[in-house]
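Single-structure report; data block below.
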Amino acid sequence: MSGLNSPGAASSNVLELKLSMSRTFDVGIETLAGQVAVVPAAAVAGRHGHLGTFTVRASNLASASDAKLTNPAIASESSDGTKSFYLETFGCQMNAHDSEKVSGVLLGRGYRAVENPAQADLVLYNTCSIREKAAQKVFARLGDWKTVANGKIIGVLGCLAQQEGEEIFERAPWVSLVCGSASYRKLPELLAQLEAGGRRVTGLDLDTDETFETEITRRDNLIRAYITIIEGCDYSCSYCVVPHTRGPERSRASEAVIAEAERLAGAGYTEIQLLGQTVNSYRDPSARKWSFVELLRAVAAVPGIRRVRFTTSHPNDFHREIVHAIDETPALCDHVHLPVQSGSDRVLRAMRRTYTREEYLQKIEWMRAAKRPISITSDIIVGFPGETEADFEDTLTLLDAVQYDTIFSFTYSPRPNTSAKDMLDAVPEEEKSKRLAVLNERQRQIQIANNEKLVGETFEVLVDAHHAARGQWTGRSTSNRLINFTSTRAILLGEYVSVRVTRGGPNCIGGEHVL
Ligand code: 5AD
Ligand code: SF4
């Protein structure tokens, strides 16, 4: 399931500070060399910098944090006649990582990245259509160019491109490129057509059976490197547009995944996040036919890799072996994002989620019985068609039963090309919002209790940001908890440090560096 989209969405989650575009573009071997920083050099020399963001837009640099790294590969002016591009990303981590690959393709063709769209020859939006609001945002952005496109090439990539197809040309005739994520392998060809003067080009096929491999990937995050291990989705949840926008499930060969992990470790990364809409349905298409757990263990065994995360897991493919692997392998992070969507069996059936509440709770039990405490997070939709008060109450009691560390909560949004779109018994918007508020308040109380229990505990934190104005550092524990802390040390970015928790609020955890 696609909780991958969750972190970009409004939720009851902890404060997330964002900083991106903080390193040079990777060419071929993906080295971490060449970062120039306002941050003291030694912080960078420690091989790491900053937290990622879901909007891959260089302008985030200025606003997001006190600690700024600048990316010398982003030129502000066109001086040498090369073509320039601007790429803004909406939505999930999968999209963010796709954008890293798209940027790699463009850089490989000699384009330069610019941080101001007005200065770009090619303006690209990598889009999301999981909920209607996400789609509206993209059309608003496209509207900005209506009278000022001035010979620029404007392109729409990603899920909205796939969903709307050539309709986008109707709504925004100044757009020249429409390419869905399942067709990214065609991007170089589409770009060549545009470069040759093509006016309108599209990549909208879904029948691809290969994954999007690139020779060059630009890495926007100095701390965490993403590796897509599976693309598309073979489930058919009745509310979800993803199978339509991203196509059928395709796993990457384990050799390619391990080779990429080794390259990243060689480049200085210690944390890897494996990505997929249903990451745990991974099936190695190569002769060695590794299971997801075999792949997890192998990535965790790559020398230099200290943390391996994976998202998003589908409950149906969540087997006990995953918990055993986490127990036995310290490098596998003790955090599982396991979207439940609803606590009501009736609604789960209507959503076509393929599991019952009881089966889901069984998987939670496995995790609660683990030797290492595992942090569990989830996605929940309220107001699915036909959801009664009693169904909603089942979702609230599920929260009580599981005691999630965080949830990403959404009101149901009807989407094109989904079977739920025309379902009867729509819940009125006002009622959806009311249920969302009740849900979030219940979860808030759980988070207060969970976080207060952490006071006095010490976590290993990988430091990803500094907030000079607040005199604080920020980083994540292996359980993915965001921790703000103070330290007497002046340089910590990219380091693993011990932090003792001194306070736990509903949305944040505070602590102090244990020297
Ligand atoms: N309406 C509301 N939320 C949705 N999600 C997916 N599709 C919809 C929809 N149509 C949520 C699910 C998913 C998360 C990424 O987005 O909770 O796990
Ligand atoms: Fe996740 Fe279901 Fe959507 Fe697939 S169809 S991405 S499993 S929510």
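Whatever order the structure lists them in is the order used to number ligands and atoms, beginning at 1.
With a 4.0 Å cut-off on non-hydrogen atoms, Thr312 does not touch ligand 2 at all. When heavy-atom distances to ligand 1 are checked against a 4.0 Å cut-off, Tyr239 comes that close through both its backbone and its side chain. Neither the backbone nor the side chain of Gln341 has any atom closer than 4.0 Å to an atom of ligand 2 (non-hydrogen atoms only). Contacts of Cys237 with ligand 2, taken as heavy-atom pairs under 4.0 Å, involve both backbone and side chain. With a 4.0 Å heavy-atom cut-off, ligand 2 is reached by the side chain of Pro243 but not by its N, CA, C or O. Contacts with ligand 1 closer than 4.0 Å are made by no heavy atom of Val241, backbone or side chain.
With ligand atoms numbered from 1 in the order given, ligand 2 contributes 3 (Fe), 5 (S), 6 (S), 8 (S) to contacts under 4.0 Å with heavy atoms of Cys240. Near Ser413, meaning under 4.0 Å from one of its heavy atoms, ligand 1 places the atoms 1 (N), 2 (C), 9 (C), 10 (N). Residue-ligand proximity, Arg415 to ligand 1, at heavy-atom distances under 4.0 Å covers atoms 10 (N). Interface atoms of ligand 2 facing His314, defined by a heavy-atom separation under 4.0 Å, are 7 (S). Residue contact check: Gln341 has heavy atoms under 4.0 Å from atoms 12 (C), 13 (C), 17 (O), 18 (O) of ligand 1. Residue contact check: Thr278 has heavy atoms under 4.0 Å from atoms 7 (S) of ligand 2. For ligand 2, the atoms lying closer than 4.0 Å to a non-hydrogen atom of Cys233 are 4 (Fe), 5 (S), 6 (S), 7 (S).
Closest of all the heavy-atom pairs between Thr211 and Arg185 is O-CD, 3.1 Å. When all heavy atoms of Tyr239 and Phe384 are compared, the closest pair comes out as CB-CE1, 3.9 Å.
More than 12 heavy atoms of other shown residues, nucleotides or ligands fall within 6.0 angstrom of atom CD in Glu213. At most 12 non-hydrogen atoms from other residues, nucleotides or ligands lie less than 6.0 angstrom from CD of Glu430.
Residue-ligand proximity: Thr418 is placed with every non-hydrogen atom at 4.0 Å or more from ligand 1. The closest approach between Arg353 and ligand 2 falls below 4.0 Å for a heavy atom of the residue.
For the side chain to side chain donor-acceptor pair (under 3.5 Å) with Tyr355, the qualifying choice from Arg357, Glu358, Arg353 is Arg353, the only one to do so.
Between Lys186 and Asp205, at least one side-chain N (NZ, or NE/NH1/NH2) sits under 4.0 Å from a carboxylate O, which counts as a salt bridge. Using a 4.0 Å cut-off between a side-chain N of Lys or Arg and a carboxylate O of Asp or Glu, Arg252 and Asp284 do not qualify as a salt bridge. Look at Arg218 and Asp220 and you find a salt bridge, because one of the NZ, NE, NH1 or NH2 atoms lies within 4.0 Å of a carboxylate O, short of that distance. Under 4.0 Å is where a charged nitrogen must lie from a carboxylate oxygen, and between Glu387 and Arg346 no such pair does. A salt bridge links Glu431 to Arg435: at least one charged side-chain nitrogen sits closer than 4.0 Å to a carboxylate oxygen.
Of the candidates Thr312, Ile380, Thr411, it is Thr411 that places a heavy atom closest to atom 2 (C) of ligand 1. When the options Ile130, Ile407, Val340 are ranked by their closest heavy atom to atom 6 (C) of ligand 1, first place goes to Ile130.
Note: Phe408 and His337 have perpendicular aromatic rings, judged against thresholds of 30 and 60 degrees for the angle between ring planes.
Inclusion of Tyr412 in the set of residues having an N or O under 3.5 Å from an N or O of ligand 1 is not warranted.
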